[in-house]
S.K.: 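Sharing a structure here in structure tokens format.
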Amino acid sequence: MTRLRAAALRSELLLALRFGLVGLGNTAIGYGLILAWLFAGVGDYAANVLGFALGFPISYALHHRFTYRRREPMSRRALRAYALAFAASYAVNLGVVAAGRALGHAGSPLVQGLAVLAYAACLFVLTRCLVFRSSQARRPAES
């Protein structure tokens with residue numbers, strides 16, 4: 001492996017690690033709320049929506065600053081792009097919840113956990129490739 005490829009791989013692994021750290025923190029809160037609402041009898045979909053709705057602004061802010069190290073102020077364009085990536089990833093999440101329910105696992109914490117993992121994988125790919133492309137993430141802030 002060339003030094004350039006090794007450096008690029010190391011950079012991508014660090015990016016994925018930062019994404020994972022933000023995701024773990026956000027998931028700890030969101031998944032905890034989902035479980036609390038599930039056990040309170042709110043239901044699969046309502047608990048899921050509430051958990052993700054509360055996590056959206058935190059997720060965007062942390063990914064903007066910490067994961068992708070953007071220095072410029074958050075913009076409406078970036079927020080819209082992130083909202084679309086979030087919505088697509090959330091649709092994947094709901095698909096997993098629906099599949100779990102269809103298989104007879106309504107109210108299952110395991111299904112909710114798998115749904116969160118599917119969401120995270122989808123969001124990473126979309127934010128990495130579309131929302132915070134590397135050329136944008138590494139460009140110094142313009143004065």
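Fair warning: this is a prediction, and the values are worked out from it, not measured in the lab.
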S.K.: Measure across Leu126 and Ala88 and return the closest heavy-atom pair with its distance rounded to 0.1 Å.
M.R.: CD1-CB, 3.9 Å
S.K.: Which residue pairs pass the salt bridge (Lys or Arg N to Asp or Glu O under 4.0 Å) test when at least one of the two sits in residues 21-38, sequence neighbours left out?
M.R.: none
S.K.: Taking only residues two or more places apart in sequence, or in another chain, which ones meet Phe56 in a ring pair (Phe, Tyr, Trp, His ring centres under 6.0 Å)?
M.R.: Tyr82, Phe86
S.K.: By ring pair (Phe, Tyr, Trp, His ring centres under 6.0 Å), which residues pair with Phe124, not counting sequence neighbours?
M.R.: Phe19
S.K.: Please report the shortest heavy-atom distance between Gly51 and Trp37, naming the atom on each side.
M.R.: N-CZ3, 3.6 Å
S.K.: Considering all heavy atoms of both residues, which atom of Glu72 and which atom of Arg65 are nearest to each other, and what is their separation?
M.R.: O-NH1, 3.3 Å
S.K.: In Å and rounded to the nearest 0.5 Å, what is the CG to CG distance from Asn26 to Leu21?
M.R.: 12.5 Å
S.K.: To the nearest 0.5 Å, how far apart are CE in Met74 and CZ in Arg76?
M.R.: 14.0 Å
S.K.: Would you kindly confirm whether Tyr45 and Ile34 end up in one hydrophobic cluster when ILVMFWY residues are joined by side chain heavy atoms under 4.5 Å apart?
M.R.: yes
S.K.: Run Leu54 and Leu33 through side-chain contact (heavy atoms from CB on, under 4.5 Å) and show every step you take.
M.R.: CA-CA 9 Å; Leu54 291 174; Leu33 291 172; 3.7 Å; yes
S.K.: Should Leu50 and Val97 be regarded as members of a common hydrophobic cluster, given that ILVMFWY residues are connected when their side-chain heavy atoms come within less than 4.5 Å of each other, either directly or indirectly?
M.R.: no
S.K.: Could you tell me the separation between the CG atom of Leu79 and the OG atom of Ser75, rounded to the nearest 0.5 Å?
M.R.: 8.0 Å
S.K.: Is a donor on one side and an acceptor on the other found under 3.5 Å between the side chain of Thr127 and the backbone of Leu123?
M.R.: yes
S.K.: Leu35, Val49: one ILVMFWY side-chain cluster at the under-4.5 Å cut-off?
M.R.: yes
S.K.: For Cys122 versus Val92, what's the shortest heavy-atom pair and its separation?
M.R.: SG-CG2, 4.1 Å
S.K.: Just checking Tyr68 against His64, ring centres under 6.0 Å apart?
M.R.: no
S.K.: Tell me, please, which residues at least two apart from His63 pass side chain to side chain donor-acceptor pair (under 3.5 Å).
M.R.: Thr67
S.K.: In the single-linkage hydrophobic clustering (I, L, V, M, F, W, Y; side-chain heavy atoms under 4.5 Å), do Tyr90 and Val22 co-cluster?
M.R.: no
S.K.: Got a donor-acceptor contact below 3.5 angstrom from the Ser11 side chain to the Ala7 backbone?
M.R.: no
S.K.: Show every donor-acceptor pair shorter than 3.5 Å between a side-chain atom in residues 100-120 and any protein atom, with sequence neighbours excluded, or say none if there are none.
M.R.:
{"residue": "Arg101", "atom": "NH1", "partner": "Asp44", "partner atom": "OD2", "Å": "2.9"}
{"residue": "Ser108", "atom": "OG", "partner": "Leu110", "partner atom": "N", "Å": "3.2"}
{"residue": "Ser108", "atom": "OG", "partner": "Val111", "partner atom": "N", "Å": "3.2"}
{"residue": "Gln112", "atom": "OE1", "partner": "Asn48", "partner atom": "ND2", "Å": "2.7"}

S.K.: In Å, rounded to the nearest 0.5 Å, how long is the span from CD1 of Ile29 to OG of Ser59?
M.R.: 11.0 Å
S.K.: Got a sec, which pairs hit salt bridge (Lys or Arg N to Asp or Glu O under 4.0 Å) with one end in residues 23-42, sequence neighbours left out?
M.R.: none
